[in-house]
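First up is the structure itself, then whatever we jot down about it.
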Amino acid sequence: MQKTPKSLRLHIGLFGRRNVGKSSLLNALTRQNVSIVSEIAGTTTDPVEKPMELLPIGPVLFIDTAGIDDIGALGELRIQKTRKIFDRADIGVVVTEAGQWGEFEDAILTELQQRRTPVIVVFNKSDLARTDALFCDNLNQQKISMVETVALRGDGILDLREALIKATPDEYLNAPSIIGDLVRPGDLVVLVVPIDKEAPKGRLILPQVQTIRDLLDSDAYSLVVKERELRDALQRLKNPPAMVVTDSQAFLKVAADTPDDVLMTSFSILFARFKGELTTFVRGAMVIDELRPGDRVLIAEACSHHPIADDIGTVKIPRWLTQYVGGKLDIQHAQGHDFPDDLATYKLVIHCGSCMFNRKLVLSRIMQCQQAGVPITNYGMTIAYSLGIFERALSPFPEALEMYRESRKT
Ligand SMILES: Nc1nc2c(ncn2[C@@H]2O[C@H](COP(=O)(O)OP(=O)(O)OP(=O)(O)O)[C@@H](O)[C@H]2O)c(=O)[nH]1
Ligand code: SF4
Ligand SMILES: [Mg+2]
């Protein structure tokens, strides 16, 4: 059975000091021994992920983190694993014990609140001591939900599930669709999928699969072709398609073979909206015009695969950008969950389509870029811009196109 991809699950992070019972809570929530529990502080050393169904929300991913105990440790861990979990948690559960709340828990709360992440405070081990009423009032005033549990016995777990359901952010529940809102029932969309040496064996990649699924959900039709067959496929259709969506790497050929009055874009541009913010990425792409030889550019890619000869992130985008800028750029690469702290030193950040990341993580990265004052865009946007077909690639998004045209005037 194929599972819902991790990137679409509601991410719930469990944070707190060592030994407060984070792993015990995860086990109680999932009714399984997912994470090792012991009386020895520091039992969990790496984040433990557990996917499950949490109705009525649906597929979620619990992430049990390593306990960290003091501000110094949190500071250090900021640039390590736990910070990465802060970045992708849609909901943060701060686990503590009665009478233990201190600067450390405040620091976790601040990290989560800075990312506008809903927080639930869990007072575990309530069989040993109860929380003081004054403190609860204080949390109440801050509109932070609070649950008392005894993870070992399963007490309070139903309340915690309720609190999680209530805390599920609108941003998650009403996330933008990939393509569903751009088509009407009965519309036909042609999807162009090059099958070259980069294509994985025996399957389609996630953005393609998810786009097909979204079209099915919207009662629209998809016709999937390779770029070489596009022209012929279009000629065979009785009516022009509602849209053509291509892999960005075939952009130029597809732009040439698609009639001008047919909307055209790429999977990666659809994902700019689905995973991030379309207009932010449009503004980011426009900065390509301001790049000068020697400028520092970060190319961030979610998957850490082995580089192949004509790799999009390491070869093609640098090549197209260099041609556009007319000289060599200082291009740096980040892979997987690594994302540098010295963002301010970059003139532009170019991110992959992020199909493997959840939306919250991309939004966190956008926020980090904005705080550092560095523009961010994505692969599809960069490719369309540097190949001179940006307006064409924005044709399915009239508002973004309008914004682009307006800012060109000024
Ligand atoms: N009395 C009592 N003990 C509990 C409760 N929940 C967990 N414990 C015990 O507390 C100890 C620590 O539990 P863990 O779940 O391993 O705690 P953790 O927060 O994951 O710890 P680290 O992984 O070391 O950060 C274990 O001995 C548990 O049996 C509870 O509700 N009441
Ligand atoms: S590199 Fe990015 S866009 Fe490509 S498959 Fe991985 S997550 Fe998706
Ligand atoms: Mg643990």
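In what follows, residues are counted from 1 in the order of the sequence shown. Computation of the quantities below employed the complete heavy-atom set of this structure, encompassing side-chain atoms and omitting hydrogens, waters and symmetry-equivalent molecules. Ligands are counted one by one from 1 in listed order, and the atoms in each one are counted from 1 as well.
- Residue M356 touches ligand 2 through backbone and side chain together, judged by heavy-atom distances below 4.0 Å.
- Inclusion of S35 in the first shell of the Mg ion (ligand 3) is not supported: no N, O or S atom falls under 2.8 Å.
- Per-residue contacts place L128 under 4.0 angstrom from the following atoms of ligand 1 (heavy atoms of the residue considered): 1 (N).
- Closest approach of S268 to N378, counting heavy atoms only: O-ND2, 2.9 Å.
- Atoms of ligand 1 lying under 4.0 Å from any heavy atom of S23, numbered from 1 in the order shown and given with element: 15 (O), 18 (P), 20 (O).
- With respect to the salt-bridge test (charged N to carboxylate O, under 4.0 angstrom), the residues D330 and R296 qualify.
- Listed by atom number, the atoms of ligand 2 under 4.0 Å from C355 heavy atoms are 5 (S), 7 (S), 8 (Fe).
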Query - CA sep, side-chain torsions, deciding dist, call: H11, Y172, ring pair (Phe, Tyr, Trp, His ring centres under 6.0 Å) - result: CA-CA 10 Å; H11 285 38; Y172 175 83; 8.6 Å; no
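- Close contacts of ligand 1 with D127, meaning ligand atoms under 4.0 Å from a residue heavy atom, involve 1 (N), 2 (C), 30 (C), 31 (O), 32 (N).
- In S126, neither the side chain nor the backbone holds a heavy atom less than 4.0 Å from any atom of ligand 1.
- With a 4.0 Å heavy-atom cut-off, ligand 1 is reached by no atom of V95.
- Short contacts between ligand 1 and R18, defined as distances under 4.0 Å to a heavy atom of the residue, involve ligand atoms 25 (O).
- The backbone of S354, and not its side chain, has at least one atom closer than 4.0 Å to an atom of ligand 2 (non-hydrogen atoms only; backbone = N, CA, C, O).
- Using a 4.0 Å cut-off between charged side-chain N and carboxylate O, E111 and R115 make a salt bridge.
- Ion pairing between R405 and E391 holds under the 4.0 Å rule for side-chain N and carboxylate O.
- The line from CZ of R359 to CD of E277 is 7.0 Å long, rounded to the nearest 0.5 Å.
- Aromatic ring centres of F15 and F86 lie closer together than 6.0 Å.
- Close contacts between ligand 1 and I40 involve ligand atoms 24 (O) [criterion: under 4.0 Å to a heavy atom].
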